[in-house]
Amino acid sequence: MPLLEVQGLAKRYKAKDGTTVHAVKTVSFTLDSGQILAFLGPNGAGKTTSIKMIAGLVRPDDGDALIAGQSVRRRGRAALTHLGAVLEGSRNLYWRMTPLENCEYWGGIRGMKRKSSRQRGLELLDLCGLADKAHHTVQQLSRGMQQQVAICCALLHRPALLLLDEPTLGLDLEASDRIQALVRDLALHDQVGIVLTTHQMEVAQTLSHRVAIIRKGEVILENGTEQALAAFSGNTYGVDLTEAPSTDLRDRLEQRGATFDSPVSFRVVLESASDVYPLLDSLRPIGVLRVQRETADLATVFRHYVELDEPSKSLTGGGAE
Ligand code: ATP
(Lines give C-alpha, C1' and ligand atoms only; values in the text may rest on other atoms or scores of the structure.)
Protein backbone atom coordinates (compact mmCIF):
# COMPACT_ATOMS: atom_id res chain seq x y z
CA MET A 1 0.00 0.00 0.00
CA PRO A 2 1.46 3.41 -0.95
CA LEU A 3 1.92 5.93 1.85
CA LEU A 4 -0.06 8.52 -0.10
CA GLU A 5 -2.58 7.80 -2.80
CA VAL A 6 -4.12 10.88 -4.41
CA GLN A 7 -7.16 9.82 -6.42
CA GLY A 8 -8.77 12.20 -8.93
CA LEU A 9 -8.89 15.29 -6.74
CA ALA A 10 -10.97 18.14 -8.19
CA LYS A 11 -11.93 21.59 -6.94
CA ARG A 12 -13.99 24.36 -8.47
CA TYR A 13 -14.30 27.89 -7.11
CA LYS A 14 -16.85 30.58 -7.91
CA ALA A 15 -14.99 33.71 -9.01
CA LYS A 16 -16.26 37.19 -8.05
CA ASP A 17 -17.76 37.71 -11.53
CA GLY A 18 -19.84 34.53 -11.07
CA THR A 19 -17.77 32.34 -13.43
CA THR A 20 -16.48 28.96 -12.30
CA VAL A 21 -12.72 28.49 -11.88
CA HIS A 22 -11.56 24.89 -12.26
CA ALA A 23 -8.63 25.26 -9.86
CA VAL A 24 -7.99 21.49 -9.93
CA LYS A 25 -9.58 19.33 -12.64
CA THR A 26 -8.11 15.94 -11.87
CA VAL A 27 -5.02 15.23 -9.83
CA SER A 28 -3.79 11.72 -9.06
CA PHE A 29 -0.41 10.43 -7.95
CA THR A 30 1.11 8.05 -5.43
CA LEU A 31 4.05 8.24 -3.04
CA ASP A 32 5.86 5.57 -1.00
CA SER A 33 7.62 5.93 2.34
CA GLY A 34 11.14 7.30 2.06
CA GLN A 35 10.43 8.91 -1.31
CA ILE A 36 10.48 12.58 -2.23
CA LEU A 37 8.01 13.67 -4.89
CA ALA A 38 8.51 17.03 -6.59
CA PHE A 39 5.09 18.48 -7.33
CA LEU A 40 5.73 21.01 -10.07
CA GLY A 41 3.64 23.39 -12.10
CA PRO A 42 3.49 27.00 -13.28
CA ASN A 43 1.73 29.74 -11.28
CA GLY A 44 -1.98 29.07 -10.96
CA ALA A 45 -1.71 25.43 -12.09
CA GLY A 46 -3.45 24.16 -8.94
CA LYS A 47 -0.57 22.99 -6.71
CA THR A 48 -1.57 24.82 -3.53
CA THR A 49 -5.23 23.84 -3.90
CA SER A 50 -4.19 20.18 -4.36
CA ILE A 51 -1.85 20.30 -1.35
CA LYS A 52 -4.58 21.90 0.78
CA MET A 53 -6.99 19.14 -0.20
CA ILE A 54 -4.41 16.51 0.80
CA ALA A 55 -3.92 18.35 4.11
CA GLY A 56 -7.67 18.41 4.76
CA LEU A 57 -7.80 22.22 4.62
CA VAL A 58 -9.94 22.42 1.48
CA ARG A 59 -12.81 20.02 0.80
CA PRO A 60 -12.57 18.48 -2.68
CA ASP A 61 -15.56 18.44 -5.04
CA ASP A 62 -14.36 15.08 -6.31
CA GLY A 63 -11.72 12.52 -5.49
CA ASP A 64 -9.89 11.78 -2.27
CA ALA A 65 -6.44 11.39 -0.74
CA LEU A 66 -5.57 8.27 1.22
CA ILE A 67 -2.77 8.62 3.75
CA ALA A 68 -1.54 5.24 5.02
CA GLY A 69 -4.80 3.85 3.61
CA GLN A 70 -7.02 6.31 5.52
CA SER A 71 -9.32 8.63 3.60
CA VAL A 72 -8.78 12.33 4.32
CA ARG A 73 -12.35 12.97 3.19
CA ARG A 74 -14.07 10.35 5.31
CA ARG A 75 -11.64 9.82 8.17
CA GLY A 76 -9.95 13.22 8.32
CA ARG A 77 -8.62 13.02 11.85
CA ALA A 78 -7.27 9.48 11.57
CA ALA A 79 -5.66 10.20 8.19
CA LEU A 80 -4.13 13.51 9.29
CA THR A 81 -2.34 12.02 12.31
CA HIS A 82 0.15 10.70 9.72
CA LEU A 83 0.67 14.13 8.20
CA GLY A 84 2.93 17.12 8.87
CA ALA A 85 2.82 20.23 6.69
CA VAL A 86 4.67 23.49 6.18
CA LEU A 87 2.56 25.51 3.79
CA GLU A 88 3.67 28.76 2.15
CA GLY A 89 1.77 31.77 3.45
CA SER A 90 0.26 29.81 6.36
CA ARG A 91 0.80 30.52 10.00
CA ASN A 92 3.45 27.88 10.65
CA LEU A 93 5.12 29.68 13.58
CA TYR A 94 4.35 32.32 16.20
CA TRP A 95 7.04 34.96 15.85
CA ARG A 96 6.93 36.32 19.39
CA MET A 97 7.43 32.88 20.88
CA THR A 98 10.69 30.94 21.00
CA PRO A 99 11.27 27.82 18.89
CA LEU A 100 10.76 25.68 21.98
CA GLU A 101 7.50 27.44 22.90
CA ASN A 102 6.35 26.94 19.31
CA CYS A 103 7.17 23.23 19.67
CA GLU A 104 5.07 23.05 22.84
CA TYR A 105 2.20 24.88 21.15
CA TRP A 106 2.16 22.86 17.92
CA GLY A 107 2.77 19.61 19.80
CA GLY A 108 -0.25 20.49 21.98
CA ILE A 109 -2.38 21.01 18.86
CA ARG A 110 -1.32 17.51 17.84
CA GLY A 111 -2.43 16.14 21.23
CA MET A 112 1.10 15.73 22.61
CA LYS A 113 1.96 16.32 26.27
CA ARG A 114 4.04 19.42 27.01
CA LYS A 115 7.02 17.41 28.24
CA SER A 116 7.21 15.17 25.19
CA SER A 117 6.72 18.16 22.82
CA ARG A 118 9.69 19.86 24.54
CA GLN A 119 11.84 16.74 24.45
CA ARG A 120 11.12 15.99 20.81
CA GLY A 121 11.42 19.72 19.95
CA LEU A 122 14.88 19.93 21.50
CA GLU A 123 15.92 16.75 19.69
CA LEU A 124 14.80 18.18 16.33
CA LEU A 125 16.31 21.63 16.95
CA ASP A 126 19.55 19.91 17.86
CA LEU A 127 19.42 17.91 14.62
CA CYS A 128 19.17 21.22 12.74
CA GLY A 129 22.05 22.75 14.72
CA LEU A 130 19.61 25.20 16.33
CA ALA A 131 19.70 24.02 19.96
CA ASP A 132 21.41 27.28 20.99
CA LYS A 133 18.51 29.26 19.46
CA ALA A 134 15.82 27.36 21.35
CA HIS A 135 15.19 30.31 23.71
CA HIS A 136 15.45 33.23 21.24
CA THR A 137 12.19 34.55 19.84
CA VAL A 138 11.47 33.35 16.30
CA GLN A 139 11.53 36.92 14.98
CA GLN A 140 15.20 37.16 16.00
CA LEU A 141 16.13 34.22 13.76
CA SER A 142 17.14 34.35 10.08
CA ARG A 143 14.62 33.26 7.44
CA GLY A 144 16.45 29.99 6.88
CA MET A 145 16.42 29.24 10.61
CA GLN A 146 12.71 30.10 10.80
CA GLN A 147 12.02 27.70 7.97
CA GLN A 148 13.97 24.95 9.76
CA VAL A 149 12.04 25.61 12.97
CA ALA A 150 8.75 25.40 11.03
CA ILE A 151 9.82 22.01 9.65
CA CYS A 152 10.78 20.88 13.19
CA CYS A 153 7.28 21.86 14.42
CA ALA A 154 5.69 19.85 11.60
CA LEU A 155 7.77 16.79 12.58
CA LEU A 156 7.02 16.74 16.32
CA HIS A 157 4.46 13.94 16.15
CA ARG A 158 6.69 11.85 13.85
CA PRO A 159 4.44 12.01 10.77
CA ALA A 160 4.97 9.46 8.00
CA LEU A 161 4.13 12.08 5.36
CA LEU A 162 5.41 15.64 5.11
CA LEU A 163 4.04 18.33 2.77
CA LEU A 164 6.53 21.11 2.08
CA ASP A 165 5.47 24.12 0.04
CA GLU A 166 8.46 26.11 -1.31
CA PRO A 167 10.77 25.25 1.60
CA THR A 168 13.83 26.96 0.09
CA LEU A 169 12.17 30.04 -1.41
CA GLY A 170 14.10 33.25 -0.75
CA LEU A 171 16.89 31.53 1.18
CA ASP A 172 20.58 32.08 0.55
CA LEU A 173 22.67 29.19 -0.75
CA GLU A 174 23.87 28.02 2.65
CA ALA A 175 20.40 28.05 4.25
CA SER A 176 18.92 26.35 1.19
CA ASP A 177 21.62 23.64 1.36
CA ARG A 178 20.85 23.05 5.04
CA ILE A 179 17.13 22.61 4.38
CA GLN A 180 17.86 20.32 1.44
CA ALA A 181 20.17 18.19 3.60
CA LEU A 182 17.45 17.96 6.26
CA VAL A 183 14.80 16.93 3.71
CA ARG A 184 17.11 14.30 2.20
CA ASP A 185 17.93 12.99 5.66
CA LEU A 186 14.28 12.68 6.68
CA ALA A 187 13.50 10.59 3.62
CA LEU A 188 16.64 8.46 3.76
CA HIS A 189 17.00 7.77 7.48
CA ASP A 190 13.48 8.25 8.85
CA GLN A 191 11.64 6.94 5.79
CA VAL A 192 9.38 10.00 5.75
CA GLY A 193 7.51 10.41 2.44
CA ILE A 194 7.76 14.03 1.28
CA VAL A 195 5.72 16.02 -1.23
CA LEU A 196 7.81 19.02 -2.21
CA THR A 197 6.23 21.93 -4.07
CA THR A 198 8.78 24.23 -5.65
CA HIS A 199 9.49 26.47 -8.62
CA GLN A 200 13.23 25.84 -8.14
CA MET A 201 13.97 23.12 -10.66
CA GLU A 202 17.53 22.50 -9.44
CA VAL A 203 16.26 21.81 -5.94
CA ALA A 204 13.55 19.53 -7.33
CA GLN A 205 16.07 17.65 -9.49
CA THR A 206 18.58 17.23 -6.66
CA LEU A 207 16.08 15.99 -4.09
CA SER A 208 13.28 14.15 -5.83
CA HIS A 209 12.87 10.46 -6.58
CA ARG A 210 9.60 11.10 -8.40
CA VAL A 211 8.10 14.03 -10.23
CA ALA A 212 4.50 15.05 -10.95
CA ILE A 213 3.87 18.02 -13.24
CA ILE A 214 0.51 19.78 -13.07
CA ARG A 215 -0.73 22.10 -15.80
CA LYS A 216 -4.14 23.81 -15.81
CA GLY A 217 -5.40 21.61 -12.98
CA GLU A 218 -4.33 18.28 -14.49
CA VAL A 219 -1.32 16.06 -13.89
CA ILE A 220 0.38 15.78 -17.27
CA LEU A 221 3.46 13.81 -16.17
CA GLU A 222 4.04 11.45 -13.26
CA ASN A 223 7.24 9.45 -13.35
CA GLY A 224 10.49 8.62 -11.59
CA THR A 225 12.76 11.69 -11.86
CA GLU A 226 15.56 9.65 -13.48
CA GLN A 227 13.15 8.08 -15.95
CA ALA A 228 11.68 11.50 -16.84
CA LEU A 229 15.19 12.83 -17.47
CA ALA A 230 16.30 9.74 -19.39
CA ALA A 231 13.27 9.96 -21.68
CA PHE A 232 14.50 13.35 -22.83
CA SER A 233 18.23 12.90 -22.67
CA GLY A 234 18.72 11.55 -26.18
CA ASN A 235 16.68 14.43 -27.60
CA THR A 236 18.04 17.38 -25.66
CA TYR A 237 20.41 19.70 -27.52
CA GLY A 238 22.57 22.50 -26.15
CA VAL A 239 23.17 25.38 -28.56
CA ASP A 240 25.76 28.19 -28.19
CA LEU A 241 25.34 31.30 -30.37
CA THR A 242 27.77 34.02 -31.41
CA GLU A 243 25.33 36.71 -30.25
CA ALA A 244 22.08 37.01 -28.34
CA PRO A 245 18.94 36.51 -30.44
CA SER A 246 16.40 39.33 -30.76
CA THR A 247 13.64 39.43 -28.15
CA ASP A 248 11.22 38.24 -30.79
CA LEU A 249 13.32 35.20 -31.76
CA ARG A 250 14.06 34.37 -28.13
CA ASP A 251 10.32 34.51 -27.36
CA ARG A 252 9.60 32.16 -30.26
CA LEU A 253 12.29 29.73 -29.10
CA GLU A 254 10.99 29.84 -25.52
CA GLN A 255 7.44 29.25 -26.68
CA ARG A 256 8.78 26.11 -28.29
CA GLY A 257 10.33 24.93 -25.03
CA ALA A 258 13.91 26.34 -25.25
CA THR A 259 15.56 27.11 -21.88
CA PHE A 260 18.20 29.85 -21.94
CA ASP A 261 21.18 29.27 -19.59
CA SER A 262 22.68 32.61 -20.69
CA PRO A 263 21.79 35.23 -23.36
CA VAL A 264 23.76 33.22 -25.95
CA SER A 265 23.09 29.59 -25.03
CA PHE A 266 19.98 27.49 -24.70
CA ARG A 267 18.75 23.91 -24.46
CA VAL A 268 15.89 22.48 -26.43
CA VAL A 269 14.22 19.11 -26.95
CA LEU A 270 14.09 17.93 -30.56
CA GLU A 271 12.17 15.03 -32.04
CA SER A 272 15.07 13.60 -34.00
CA ALA A 273 18.62 14.49 -34.98
CA SER A 274 17.41 15.73 -38.39
CA ASP A 275 15.33 18.44 -36.66
CA VAL A 276 18.62 20.21 -36.00
CA TYR A 277 18.52 21.61 -39.57
CA PRO A 278 15.22 23.52 -39.29
CA LEU A 279 16.39 24.71 -35.86
CA LEU A 280 19.59 26.13 -37.34
CA ASP A 281 17.58 27.70 -40.17
CA SER A 282 15.35 29.46 -37.66
CA LEU A 283 18.44 31.00 -36.04
CA ARG A 284 19.78 32.66 -39.21
CA PRO A 285 21.67 35.01 -39.53
CA ILE A 286 23.10 34.44 -36.03
CA GLY A 287 26.28 32.35 -36.00
CA VAL A 288 26.21 28.99 -34.20
CA LEU A 289 29.31 28.06 -32.18
CA ARG A 290 28.16 24.67 -30.89
CA VAL A 291 25.27 22.21 -31.17
CA GLN A 292 25.58 19.18 -28.94
CA ARG A 293 23.39 16.42 -27.54
CA GLU A 294 23.15 16.79 -23.77
CA THR A 295 21.73 15.14 -20.73
CA ALA A 296 18.35 16.70 -20.00
CA ASP A 297 17.75 18.61 -16.79
CA LEU A 298 14.42 18.98 -15.04
CA ALA A 299 14.03 22.60 -16.16
CA THR A 300 14.09 21.44 -19.79
CA VAL A 301 11.62 18.62 -19.13
CA PHE A 302 9.36 21.03 -17.23
CA ARG A 303 9.41 23.64 -19.98
CA HIS A 304 8.74 21.05 -22.61
CA TYR A 305 5.57 19.92 -20.86
CA VAL A 306 4.35 23.18 -19.45
CA GLU A 307 5.35 25.99 -21.73
CA LEU A 308 4.49 24.58 -25.12
CA ASP A 309 1.10 25.92 -26.23
CA GLU A 310 0.17 22.37 -27.00
CA PRO A 311 2.29 19.65 -25.42
CA SER A 312 2.34 17.66 -28.66
CA LYS A 313 4.15 20.44 -30.60
CA SER A 314 7.92 20.50 -30.79
CA LEU A 315 10.18 23.32 -31.97
CA THR A 316 9.85 22.12 -35.54
CA GLY A 317 6.13 21.43 -35.34
CA GLY A 318 6.29 17.61 -35.15
CA GLY A 319 4.72 15.33 -32.50
CA ALA A 320 6.68 15.22 -29.26
CA GLU A 321 5.66 12.14 -27.34
P1 ATP B 1 1.27 29.33 -7.50
O2 ATP B 1 2.44 28.59 -8.04
O3 ATP B 1 1.13 30.70 -8.10
O4 ATP B 1 1.19 29.35 -6.00
P5 ATP B 1 -0.73 27.18 -7.69
O6 ATP B 1 -0.31 26.17 -8.69
O7 ATP B 1 -0.48 26.89 -6.26
O8 ATP B 1 -0.09 28.59 -8.06
P9 ATP B 1 -3.49 27.55 -6.90
O10 ATP B 1 -3.20 28.56 -5.84
O11 ATP B 1 -3.89 26.19 -6.48
O12 ATP B 1 -2.28 27.45 -7.94
O13 ATP B 1 -4.65 28.19 -7.82
C14 ATP B 1 -5.22 27.50 -8.93
C15 ATP B 1 -6.29 28.38 -9.57
O16 ATP B 1 -7.40 28.48 -8.67
C17 ATP B 1 -5.85 29.80 -9.84
O18 ATP B 1 -6.48 30.24 -11.04
C19 ATP B 1 -6.39 30.58 -8.65
O20 ATP B 1 -6.66 31.92 -9.00
C21 ATP B 1 -7.69 29.82 -8.36
N22 ATP B 1 -8.07 29.88 -6.93
C23 ATP B 1 -7.34 29.38 -5.89
N24 ATP B 1 -7.98 29.59 -4.71
C25 ATP B 1 -9.13 30.24 -5.03
C26 ATP B 1 -10.25 30.74 -4.25
N27 ATP B 1 -10.28 30.60 -2.93
N28 ATP B 1 -11.26 31.36 -4.92
C29 ATP B 1 -11.23 31.51 -6.26
N30 ATP B 1 -10.22 31.05 -7.05
C31 ATP B 1 -9.19 30.43 -6.45
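These numbers were taken from a predicted model, which means no experiment stands behind them. We're numbering straight along the sequence, starting at 1. Indexing begins at 1, ligand by ligand and atom by atom, following the structure's order.
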key: Heavy-atom side-chain contact between W106 and N92 under 4.5 Å   = no
ask   = At a 4.0 Å cut-off, with the gap strictly under it, does some heavy atom of H199 reach an atom of ligand 1?
value = yes
request  = Would you please determine whether G41 falls within less than 4.0 Å of ligand 1 on a heavy-atom basis?
outcome  = no
ask   = V195 and L162: side-chain contact (heavy atoms from CB on, under 4.5 Å), yes or no, with the steps?
value = CA-CA 6 Å; V195 179; L162 183 64; over 6 Å; no
request  = Please indicate, with yes or no, if any protein heavy atom is found under 4.0 Å from atom 20 (O) of ligand 1?
outcome  = no
Contact (N/O only, under 3.5 Å) between A45 and ligand 1 = yes
task = Would you check if there is a donor-acceptor pair between the side chains of T168 and Q200 at a distance under 3.5 Å?
result = yes
message = Please determine whether a side-chain nitrogen of the Lys or Arg among R256 and E271 lies less than 4.0 Å from a carboxylate oxygen of the Asp or Glu.
response = no
ask   = Is the closest side-chain donor-acceptor distance between Q119 and S116 under 3.5 Å?
value = no
query = If you measure only the distance, is there a donor-acceptor pair under 3.5 Å linking the side chains of T98 and T137?
reply = no
ask   = What residue and atom, counting heavy atoms only, is the protein's closest point to atom 13 (O) of ligand 1, and at what distance?
value = T49 OG1, 3.9 Å
key: Distance from atom 17 (C) of ligand 1 to nearest protein heavy atom, with residue and atom   = G44 O, 3.9 Å
task = Look only at interatomic distance and state if G46 has a nitrogen or oxygen under 3.5 Å from any nitrogen or oxygen of ligand 1.
result = yes
key: Protein non-hydrogen atom below 4.0 angstrom of atom 23 (C) of ligand 1 present   = yes
message = Could you check, using the six-membered ring where one of them is a Trp, whether F302 and F232 have ring centers closer than 6.0 angstrom?
response = no
ask   = Which heavy atom of the protein is the closest neighbour of atom 28 (N) of ligand 1, given with residue, atom name and distance?
value = Y13 CG, 3.5 Å
request  = Using a strict cut-off of 4.0 Å, indicate which atoms of ligand 1 neighbour a heavy atom of P42.
outcome  = 6 (O)
task = Compute the minimum heavy-atom distance from A15 to ligand 1 and say whether it is under 4.0 Å.
result = no
request  = Determine yes or no for a side-chain-to-main-chain donor-acceptor pair under 3.5 angstrom, with D64 supplying the side chain and R73 the backbone.
outcome  = yes
ask   = Where on S50 is there a heavy atom closer than 4.0 Å to ligand 1, on the side chain, on the backbone, on both, or on neither?
value = neither
query = Hey, are D17 and T19 close enough side-chain-wise for a donor-acceptor pair under 3.5 Å?
reply = yes
remark   = If we number the atoms of ligand 1 from 1 as shown, the ones under 4.0 Å from a heavy atom of K47 are 1 (P), 2 (O), 5 (P), 6 (O), 7 (O), 8 (O), 11 (O), 12 (O)
Residue and atom name of the nearest protein heavy atom (relative to atom 4 (O) of ligand 1), distance in Å to one decimal = T48 OG1, 3.7 Å
query = Where is the nearest protein heavy atom to atom 16 (O) of ligand 1: which residue, which atom, and how far?
reply = A23 CB, 3.1 Å
remark   = If we number the atoms of ligand 1 from 1 as shown, the ones under 4.0 Å from a heavy atom of N43 are 1 (P), 2 (O), 3 (O), 8 (O)
query = What about V27 and L57, same hydrophobic cluster or not, with Ile/Leu/Val/Met/Phe/Trp/Tyr joined at side-chain heavy-atom distances under 4.5 Å?
reply = yes
